[in-house]
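Notes to accompany the following structure.
A quick note: this is a predicted structure, and the numbers were derived from the prediction, not measured. Order of the sequence lines fixes the chain letters, A, B, ..., with proteins taken first and strands second; residue numbering starts at 1 for each chain.
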Amino acid sequence: MKNHTEYLLSLIDITVNFEGFLALNNLNLRIKKGELRAIIGPNGAGKTTFLDVITGKVKPTQGQVIFKGISLIGRKEHKIARLGVGRKFQSPRVFENLSVLENLELSVSYPKNPLNLLKKNIIMDQLEEIYHLMKVVNLTKKNDIKAGALSHGQKQWLEIAMLLGQKPDLMLVDEPVAGLTDEETDLTADLLKSLAGNNTILIIDHDMEFIRRLDSRVSVLNQGSVLCEGDMNTIQNNQKVIDVYLGRPD
Amino acid sequence: MNKNIIKFNGKVKFIFWVLLIAFIVAAPALLPVFRLNLLGRYLSLAIVALGVDLIWGFTGLLSLGQGIFFTLGGYCVAMYLQLNSSSEFPNNIPEFFALYGVKDLPIFWAPFKSPLFTLFAIWLIPAVVAGILGFLVFRNRIKGVYFSILTQASLLVFFNFFNGQQKLINGTNGLKTDVTQLFGQLVGSELIQRYIFWITAFLVITAWFFSKWLIKGRFGNILIGIRDDEPRVRFTGYNPVIFKTIIFSISGALAGISGALYTVQSGIVSPQFMTVPFSIEMVIWVAVGGRGTLLGAILGAVFINYAKSLVSEALPASWMFIQGSLFILVVTTLPEGILGWLYSEGPRNLLQKFGFIRKIKTYPSLELNKSSEG
Amino acid sequence: MELLLDSLFNGVAIGSVLLIAALGLAIVFGLMGVINLAHGELMMLGAYTTYVTQLIFKLPTLKPFYNWYVIISIFLAFIVSGVVGIILEKTIIRKLYGSPLETLLATWGVSLILQQFVRSIPLSYGTGLIVSLLIGLLLPLFFSKKIKESIKFKYYKLASWSFAVLVGILSAELISSLISKLGRASARNVDVTAPAWMRGQIEILGNTFPKTRLMIIIITLISVIAIICFLNQSAWGIRIRAVTQNRQMSDCLGISTEKVDVITFGIGSGLAGVAGVAVSLLGSVGPNVGGNYIVGCFMVVVLGGVGNLLGTIFASFGIGIMTDLIGAGRILNIWPNMPLPLSNIINFFATTSMARVMIFALIVVFLQFKPSGLFPQKGRMVES
């Protein structure tokens with residue numbers, strides 16, 4: 001146990017077998033508390049499956065996921081979320097028929113049981129938290145607007161705010177800048193960077209410029225396992241990574 | 001769904017309520033007995049429609065088996081009434097038992113001798129049955145069309161069960177209530193029926209407010225969240241199974257109350273309440289009235305049933321055609337229903353088309369309520 | 001041994017009716033995610049088609065071939081129900097793609113209309129209408145390319161429709177004269193009598209079985225084999241399977257998913273028609289005939305899982321055999337010395353309708369262990 005407490009999250013020898021296709025193959029990964037970690041990899045490297053395993057959506061064929069010293073294998077998604085794993089999806093997924101405020105209310109509300117939700121008003125602390133979050137992602141003016149009417153970038157930010165509202169110990173962020181303008185991308189990178197330190201964040205993305213801007217440790221995934229780890233410069237000069245991304249010259 | 005577009009001010013609301021209550025109180029004097037009875041029945045159907053709206057309109061679960069819970073409520077009240085007026089029959093048990101040579105009351109009838117137990121059973125038994133069925137289904141993430149056909153299959157299974165059990169509950173003949181007695185009066189008598197009408201009207205309003213309270217805050221929002229994106233709800237840390245089971249159970253309870261009221265007003269409960277068409281009809285009341293608008297469910301139930309009785313009196317064969325077309329039309333052209341269309345930008349769009357009001361360029365709520373800015 | 005064989009045969013007979021009825025429903029559900037509540041009414045159309053074919057074969061000129069009318073009616077029923085299904089797909093279901101619950105409600109509306117149509121329109125006029133529709137819609141398909149491309153095409157079309165209407169009126173006349181001669185004019189419930197060679201019993205391994213039951217098993221067998229061949233061998237079959245597995249990708253690869261939908265729905269509906277023929281051999285045909293079978297079909301679909309014919313086949317025969325075992329109380333025959341409380345329970349459920357109750361309970365229990373049916377689709381699913 002002591003071995004694991006040093007790390008917030010450890011994935012040990014994870015293998016996911018989809019009828020003969022190994023989406024993940026003996027994947028090992030450890031993340032320290034407070035770390036900002038980026039995961040990159042070509043298409044089909046298993047990035048999304050990797051998130052699915054942590055959040056309980058996919059059960060690995062073998063291996064262990066240890067989070068805060070507790071095994072996550074076999075736990076239901078909502079239990080894992082309550083333990084402190086928050087996830088932002090690839091395409092923004094917010095509740096489109098609810099307003100910005102209502103979306104955030106749902107993520108901030110605690111405890112997450114029916115009785116608490118039946119109480120008429122959210123408690124004051126949580127309401128303040130919501131207004132704070134709306135300020136962070138710059139949606140205060142739009143609190144009454146249905147999330148479905150927001151622009152793509154605003155939806156991305158609302159989802160990030162919802163993620164923060166859950167106060168997770170570990171934030172899993174899947175392609176947060178897909179479809180954003182350059183300016184929005186920069187803002188998002190700054191936002192995530194400012195969150196690191198207090199929060200442990202794991203970011204999955206394709207966008208190299210964005211990853212460089214994050215200035216974090218990077219893990220490269222290929223064919224279901226970790227190819228190499230290090231900072232951006234190390235990665236970019238690593239021969240194996242170059243081979244994977246550019247194709248091995250014959 | 002969007003509750004802010006049409007807003008009545010306090011005065012209009014007050015007058016509306018005064019008129020409504022005055023009408024309810026005076027209805028027995030205004031309407032002939034036959035019409036009053038019909039209105040009472042339709043009002044009781046509005047309660048089951050509210051339940052359908054809660055699970056379908058808000059939570060996205062299309063149940064085609066509400067008839068189960070409706071009928072269970074009806075049987076509960078009918079069993080009490082039968083026992084209450086069986087003293088003159090052989091063995092002091094309801095008359096029909098003698099037909100099948102049953103001499104002892106089946107065990108499960110016994111608690112229905114108590115009026116208090118019956119009052120609870122009417123809604124509690126359907127709620128528990130719905131809860132168990134719902135939990136077993138939701139637990140395995142069975143949803144969408146699968147859920148619908150499973151509920152329909154269970155409806156037919158219950159129908160088969162009730163239809164076949166002569167010795168337990170008089171099988172296909174059902175239980176009559178109009179010739180039974182309550183407080184020394186025949187249940188079918190004008191006096192009792194008048195009180196039942198008032199109780200029905202009161203319960204419709206109570207059920208309406210209860211449903212409104214339920215969906216108003218975060219609880220309602222989570223139901224909408226489940227309807228629109230269930231995995232997201234799960235990853236936010238909520239367990240959808242619990243919420244779905246609760247709301248399905250509540251809709252079962254509403255159906256039970258509705259069935260009990262309907263039974264005492266129609267004078268009989270029988271497995272016919274559990275036929276497939278009746279349960280699907282409940283959905284169309286809500287669809288036409290406007291799903292996700294509770295008032296729409298009430299109005300839909302009352303007006304469609306009223307239309308049904310009018311058309312059936314005049315041209316019996318054509319109702320099926322009308323109803324069939326209604327199903328097709330409402331889902332293809334007016335999926336939000338009439339009230340949903342009124343609440344949304346429907347009328348506004350219509351007026352804009354003819355140039356009566358200015359077009360909105362940005363978000364309606366920003367342009368229409370200037371006060372919300374800032 | 002004899003008992004077992006008897007039970008097996010009965011189970012397979014019940015199962016094959018279920019299978020033929022559920023086959024079309026399952027194919028459509030697998031491909032489009034749509035449950036067609038009008039499926040039972042398409043079966044009804046097939047059953048009435050059988051009756052009408054039977055009437056026509058009583059004409060003096062066709063009398064010598066009377067024995068074979070059932071075979072002809074299978075093809076006719078397939079075409080009639082198939083065409084009605086295609087009309088349904090093109091007018092309503094296509095509009096509701098992506099909202100399966102709404103489709104469910106709309107098809108229920110269709111089933112109400114079809115039922116009432118049969119109730120209020122005399123059989124002869126109904127036949128006339130269907131005949132004109134069939135000819136009107138199908139005739140242009142046989143025009144030569146030259147005609148199709150000429151500017152006068154619309155006149156040709158008009159001509160073919162007028163021809164269709166004419167034939168429709170004539171056939172309505174024919175049927176009504178036949179009905180007045182041979183049947184009761186206003187009866188909604190009609191009886192199909194099997195030709196002589198299909199009546200009676202047949203002896204296999206010392207047991208006697210009704211021939212009609214055997215015929216239904218054969219019809220089912222042939223339909224299943226035909227469908228499997230179609231799905232596996234023909235170009236459209238492979239396209240259908242492709243769309244079943246990944247609709248978007250198929251679209252990108254240039255498969256017209258619209259055409260695939262129409263063809264699948266047409267075939268599914270046509271199979272309902274064939275099921276109608278089978279059902280008409282079992283009992284009298286009325287407006288509600290389809291409704292009696294639809295819930296059995298649902299149970300098959302739920303138990304079998306989506307997108308896998310094998311699941312449908314296993315589920316049908318499984319339910320069929322269970323129905324016979326429970327409904328006829330055969331468990332008691334197999335195990336006569338059963339302890340009392342258990343045997344009482346078995347007796348309680350030993351009717352056809354109570355067997356349904358028991359089987360449903362068993363299915364719900366089964367779903368607790370295997371929520372997606374007997375043969376679930378595995379692998380990486382598109383995010384739902």
Side-chain angles (χ1 to χ4, degrees), chain B residues 56 60-62 64 132-133 135-165 229-231 275-277 280-281 283-284 287 291 315-333 335, chain C residues 25 29 33-35 37-38 40 91-92 95-96 99-117 119-121 291-292 294-299 301-302 306 348-349 351-361 363-365 367-373 383-384:
Chain B
W56 181 48
L61 306 164
L62 179 61
L64 303 181
I132 293 172
L133 192 69
F135 180 73
L136 289 179
V137 174
F138 301 137
R139 198 176 79 97
N140 295 305
R141 305 198 176 167
I142 293 170
K143 52 185 173 187
V145 185
Y146 257 117
F147 174 75
S148 302
I149 59 177
L150 257 175
T151 48
Q152 189 171 61
S154 43
L155 177 75
L156 261 122
V157 160
F158 271 83
F159 172 78
N160 275 326
F161 187 85
F162 278 69
N163 216 17
Q165 298 306 318
D229 192 348
E230 190 176 330
T275 49
V276 171
I280 302 190
E281 257 175 58
V283 176
I284 203 67
R291 69 178 100 149
L315 299 158
S318 63
W319 175 245
M320 284 272 268
F321 285 123
I322 294 176
Q323 201 190 13
S325 325
L326 212 55
F327 268 102
I328 298 169
L329 277 179
V330 84
V331 294
T332 49
T333 58
Chain C
L25 198 74
F29 187 41
V34 159
I35 283 282
L37 283 182
T91 49
I92 297 169
K95 283 186 189 158
L96 296 169
S99 40
L101 296 182
E102 277 75 0
T103 318
L104 201 74
L105 295 176
T107 53
W108 175 256
V110 173
S111 90
L112 287 183
I113 291 174
L114 281 177
Q115 267 186 37
Q116 193 57 40
F117 176 80
R119 281 206 193 97
S120 28
I121 312 255
N292 302 333
I294 195 89
V295 173
C297 298
F298 288 168
M299 292 202 190
V301 170
V302 168
V306 189
F348 186 71
F349 286 103
T351 62
T352 316
S353 61
M354 289 308 286
R356 266 195 190 169
V357 176
M358 185 73 174
I359 284 169
F360 180 74
I363 289 177
V364 170
V365 171
L367 289 178
Q368 303 307 308
F369 302 103
K370 288 204 118 187
S372 17
E383 239 170 57
S384 57

Exercise. Atom CD of B:Q152 and atom CD1 of C:I35: how far apart are they, to the nearest 0.5 Å?
Worked result: 9.5 Å
For this session: Of all the heavy-atom pairs spanning C:S120 and B:F321, show the shortest one and how long it is.
Result: OG-CE1, 3.6 Å
Exercise. Pick from B:S148, B:P277, B:S318, B:A287: which one has the most heavy-atom pairs with chain C under 4.5 Å?
Worked result: B:P277
Exercise. Which bit of C:L37 is near chain B, if near means a heavy-atom gap under 4.5 Å: side chain, backbone, both or neither?
Worked result: side chain
For this session: Give, as side chain, backbone, both or neither, the part of C:V364 having an atom under 4.5 angstrom from any heavy atom of chain B.
Result: side chain
Exercise. What is the distance from atom CE of C:M299 to atom CG of B:L150, rounded to the nearest 0.5 Å?
Worked result: 9.0 Å
Problem set entry | Non-hydrogen atoms of C:G109 and B:F327 that approach each other most closely | CA-CB, 3.6 Å
Exercise. Just how far is it from atom CG of B:L64 to atom CG of C:L105, taken to the nearest 0.5 Å?
Worked result: 7.0 Å
Exercise. By a 4.5 Å heavy-atom criterion (distance strictly below it), what part of B:Q165 contacts chain C: side chain, backbone, both, or neither?
Worked result: side chain
Seminar exercise, completed: Max heavy-atom pairs within cutoff under 4.5 Å with chain C, candidates B:I149, B:L326, B:L329, goes to B:I149
For this session: Measure the CD1-OG1 distance between B:I328 and C:T91 for me, rounded to the nearest 0.5 Å.
Result: 8.0 Å
Seminar exercise, completed: CD (C:Q116) and CD (B:Q323) are apart, to the nearest 0.5 Å, by 10.5 Å
For this session: Can you measure from CG (B:L156) to CZ (C:F298) and round to the nearest 0.5 angstrom?
Result: 9.5 Å
Exercise. Where on C:L96 is there a heavy atom nearer than 4.5 Å to chain B: the side chain, the backbone, both, or neither?
Worked result: side chain
Problem set entry | Closest approach of B:S325 to C:I113 (non-hydrogen atoms, all atoms of both residues) | N-CD1, 3.7 Å
Problem set entry | Exercise: identify the closest heavy-atom pair between B:L136 and C:Q368 | O-NE2, 3.0 Å
Seminar exercise, completed: Okay, C:V357 and chain B: the region with an atom under 4.5 Å from a heavy atom over there is both
Problem set entry | Which of B:L62, B:T332, B:I142, B:I280 touches chain C most, by non-hydrogen pairs under 4.5 Å | B:I280
Problem set entry | Nearest heavy atoms of B:V145 and C:P100, plus distance in Å | CG2-CB, 3.3 Å
Seminar exercise, completed: Turns out that what part of B:W56 lies under 4.5 Å from chain C's heavy atoms comes down to side chain
Seminar exercise, completed: Closest heavy-atom pair, B:Y146 versus C:V301, reported as atoms and distance to 0.1 Å, is OH-O, 3.8 Å
